[in-house]
Amino acid sequence: MNLKRLNTEFTRFVFVGVVNTLSYYSIYLFLHNVLDWAYMLSHIIGFLISLNISFFLNTYVTYRVKPTLKKYLYFPLTQVVNMSVSTFLIFIFVEFLHINSNIAPFAAVIFTIPVTFAVSGKILKAPAQSK
């Protein structure tokens, strides 16, 4: 197997996504199960923490670009759709489909991967504007 074929932006994005999802999910489970916080609060706090982890992993690993303050400030825009869709799906999964609240966030992330890849690439790979 040719390792160069596996070393694509999308492959790195998926790898970073797995690492980031595991960090989010660990935080979520800790807040929800250990601290007994509500599932939605646990989701939002876990999401915000993992957003920062995601920024640095995506700049250094996925897109191999230099992190800048401007990119850091724009990066949350990449997650607006992700956060909206995942929050909506978690709510639907738990409240209407009666999926366990420990599994619902993992199921929701599957639907947000392609959109997040496209939007984050546009923001993080945008050329720096000179003054």
Side-chain angles (χ1 to χ4, degrees):
M1 175 181 280
N2 188 347
L3 291 179
K4 282 189 175 190
R5 280 195 211 166
L6 294 177
N7 191 17
T8 66
E9 278 185 352
F10 187 74
T11 305
R12 292 189 306 266
F13 179 81
V14 170
F15 172 76
V16 164
V18 168
V19 170
N20 196 52
T21 299
L22 290 174
S23 68
Y24 155 78
Y25 197 52
S26 299
I27 294 164
Y28 172 82
L29 289 175
F30 176 78
L31 297 175
H32 184 51
N33 292 318
V34 176
L35 298 183
D36 201 28
W37 290 7
Y39 73 88
M40 195 55 70
L41 179 61
S42 300
H43 164 65
I44 292 169
I45 299 295
F47 189 88
L48 292 173
I49 293 170
S50 69
L51 178 68
N52 286 285
I53 295 168
S54 179
F55 172 75
F56 289 104
L57 287 176
N58 276 299
T59 55
Y60 288 117
V61 177
T62 301
Y63 301 109
R64 298 177 178 170
V65 295
K66 180 181 176 187
T68 64
L69 180 59
K70 181 179 179 182
K71 289 176 184 178
Y72 181 77
L73 294 175
Y74 278 108
F75 188 72
L77 296 176
T78 68
Q79 301 298 314
V80 169
V81 172
N82 185 344
M83 179 64 160
S84 301
V85 172
S86 66
T87 300
F88 175 74
L89 289 172
I90 289 169
F91 178 76
I92 296 299
F93 290 163
V94 171
E95 299 299 328
F96 294 103
L97 300 178
H98 306 289
I99 294 175
N100 184 293
S101 60
N102 290 323
I103 296 170
F106 183 71
V109 79
I110 294 168
F111 292 95
T112 62
I113 290 172
V115 173
T116 305
F117 174 71
V119 176
S120 64
K122 287 194 183 298
I123 288 177
L124 294 178
K125 294 190 319 183
Q129 295 178 350
S130 59
K131 293 184 179 183

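Computed over heavy atoms, backbone and side chain alike; hydrogens, waters and symmetry mates excluded. The chain is numbered in sequence order, starting from 1.
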Separation of Thr62 OG1 from Phe56 CZ (nearest 0.5 Å): 14.0 Å
task: Indicate the atoms forming the closest heavy-atom contact of Leu124 with Val65, along with that distance.
output: O-CG2, 3.5 Å
task: Side-chain contact test, heavy atoms from C-beta onward, threshold under 4.5 Å: evaluate it for Phe47 versus Thr87 and give yes or no.
output: no
statement: Taking every heavy atom of Pro105 against every heavy atom of Ser101, the minimum-distance pair comes out as CD-O, 3.3 Å
field: Side-chain donor/acceptor of Ser54 to backbone N/O of Ser50, under 3.5 Å
entry: no
message: What's the separation between atom CG in Asn20 and atom CZ in Phe15, rounded to the nearest 0.5 Å?
response: 11.5 Å
message: side chain to side chain contact (heavy atoms under 4.5 Å, CB included), that's the test. Do Thr116 and Phe13 meet it? Break it down for me.
response: CA-CA 10 Å; Thr116 305; Phe13 179 81; 4.0 Å; yes
- request: Look up atom CD1 in Ile45 and atom CG in Leu35, then write down how far apart they are to the nearest 0.5 Å.
  value: 11.0 Å
Spatial distance of atom CD1 (Ile123) from atom CZ (Phe75) [nearest 0.5 Å]: 8.0 Å
task: Would you please test Thr59 and Lys66 for side chain to side chain contact (heavy atoms under 4.5 Å, CB included) and show each step?
output: CA-CA 6 Å; Thr59 55; Lys66 180 181 176 187; over 6 Å; no
statement: One should read off an interatomic distance between His43 NE2 and Tyr25 OH, to the nearest 0.5 angstrom, of 13.0 Å
Less than 3.5 Å apart, which donor and acceptor atoms pair up between the side chains of residues 89-100 and the rest of the protein, not counting sequence neighbours?
residue, atom, partner, partner atom, Å
Glu95, OE2, Tyr39, OH, 2.7
Asn100, OD1, Asn102, N, 2.6
Asn100, OD1, Asn102, ND2, 3.4

- request: Decide if atom OH of Tyr74 counts as having more than 12 heavy atoms of other residues, nucleotides or ligands within a radius under 6.0 Å.
  value: no
task: Report the C-alpha distance between Phe117 and Val14 in whole Å, list the side-chain angles of each, state the deciding distance to 0.1 Å, and finish with yes or no for side chain to side chain contact (heavy atoms under 4.5 Å, CB included).
output: CA-CA 9 Å; Phe117 174 71; Val14 170; over 6 Å; no
Minimum heavy-atom distance between Trp37 and Ser42, given as atom pair plus value: CB-OG, 3.5 Å
query: Does any N or O in the side chain of Ser84 come within less than 3.5 Å of the main-chain N or O of Val80, such that one atom is a donor and the other an acceptor?
result: yes
message: Walk me through whether Tyr28 and Asn33 qualify under side chain to side chain contact (heavy atoms under 4.5 Å, CB included).
response: CA-CA 8 Å; Tyr28 172 82; Asn33 292 318; over 6 Å; no
- request: List the steps, then state whether side-chain hydrogen bond (donor to acceptor under 3.5 Å, both in side chains) holds for Ser120 with Tyr63.
  value: CA-CA 9 Å; Ser120 64; Tyr63 301 109; 3.0 Å; yes
message: I'd like to know if Leu22 and Phe106 are part of one continuous hydrophobic network [Ile/Leu/Val/Met/Phe/Trp/Tyr, side-chain heavy atoms within less than 4.5 Å].
response: no
- prompt: Is the shortest heavy-atom distance from the side chain of Pro67 to the side chain of Tyr72 under 4.5 Å?
  reply: no
statement: Between the NZ atom in Lys125 and the CZ atom in Arg64, the distance rounded to the nearest 0.5 Å is 12.0 Å
